[in-house]
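Below is one structure, written out as structure tokens; comments come after it.
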Amino acid sequence: ANNSTVSTSLSKVYKSDFSFRVYPNPVGTKAVVVIDGDYKEREMVVTNLLGETVYKTDVSTGHIMDVTPFAPGIYSIKIDNKTKRLVVAR
């Protein structure tokens with residue numbers, strides 16, 4: 001009985017029970033990331049089309065990201081196992 005209790009609590013810990021949105025998209029200056037769900041702290045990683053990390057931070061409920069240093073183009077925002085596309089345009 002103990003083993004099943006442990007595995008149940010572990011699956012709750014690792015379950016990615018959340019979703020996120022990014023707006024505006026395309027974005028010129030500041031992108032707002034809104035996280036809906038369990039609000040655990042997660043790492044957010046933004047990569048360019050070459051797979052290079054251009055931005056990294058910890059997020060739990062949301063984040064405002066200044067994209068002015070980014071070159072115009074397409075980026076991926078990854079939080080845990082979920083990925084969204086962000087277009088930076090000026």
Side-chain angles (χ1 to χ4, degrees):
N2 270 350
N3 284 350
S4 63
T5 315
V6 169
S7 63
T8 307
S9 59
L10 275 179
S11 67
K12 280 181 187 152
V13 168
Y14 291 113
K15 189 177 162 203
S16 55
D17 192 16
F18 78 105
S19 63
F20 75 97
R21 307 172 263 138
V22 185
Y23 66 90
N25 195 359
V27 61
T29 52
K30 285 189 168 40
V32 180
V33 178
V34 179
I35 298 174
D36 302 302
D38 56 15
Y39 307 125
K40 287 203 291 282
E41 189 163 81
R42 296 178 162 88
E43 186 178 63
M44 178 177 87
V45 179
V46 182
T47 54
N48 61 19
L49 286 176
L50 299 174
E52 299 165 336
T53 299
V54 294
Y55 191 89
K56 188 188 282 193
T57 189
D58 288 332
V59 294
S60 57
T61 56
H63 185 72
I64 297 174
M65 178 171 58
D66 180 8
V67 300
T68 52
F70 299 4
I74 299 170
Y75 295 84
S76 287
I77 300 176
K78 185 172 185 190
I79 302 176
D80 273 10
N81 59 343
K82 299 186 189 330
T83 305
K84 296 262 193 258
R85 203 172 79 157
L86 179 68
V87 177
V88 174
R90 306 224 160 72

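The shortest heavy-atom contact between Arg90 and Gly28 is NE-O, 3.2 Å. Shown here for Phe18 and Asp38, the closest heavy-atom pair between the two residues is CB-OD1, 4.1 Å. In this structure, Thr83 and Lys78 approach most closely via the heavy-atom pair OG1-CG, 3.7 Å. When all heavy atoms of Leu86 and Ala31 are compared, the closest pair comes out as CD2-CB, 4.3 Å.
Between Tyr55 and Phe70, the ring planes lie perpendicular to each other; the angle is over 60°, past the 30° to 60° tilted range.
The closest side-chain heavy-atom distance from Lys84 to Lys82 is not below 4.5 Å.
Within a 6.0 Å sphere centred on CG of Leu50, other residues, nucleotides and ligands contribute more than 12 heavy atoms.
Here the side chain of Asn25 pairs a donor or acceptor atom with the backbone of Arg85 at under 3.5 angstrom.
Evaluation of the salt bridge (Lys or Arg N to Asp or Glu O under 4.0 Å) rule for Arg21 yields Asp36 as partners, not counting sequence neighbours.
Side-chain heavy-atom separations under 4.5 angstrom define the hydrophobic clusters, and the remaining members of the one that includes Val87 are Leu49, Ile74.
The hydrophobic clustering, which links ILVMFWY residues whose side-chain heavy atoms are closer than 4.5 Å, places Val54 and Val45 apart.
Applying the side chain to side chain donor-acceptor pair (under 3.5 Å) definition to pairs two or more places apart or across chains, those involving residues 44-54 are Asn48-Glu52.
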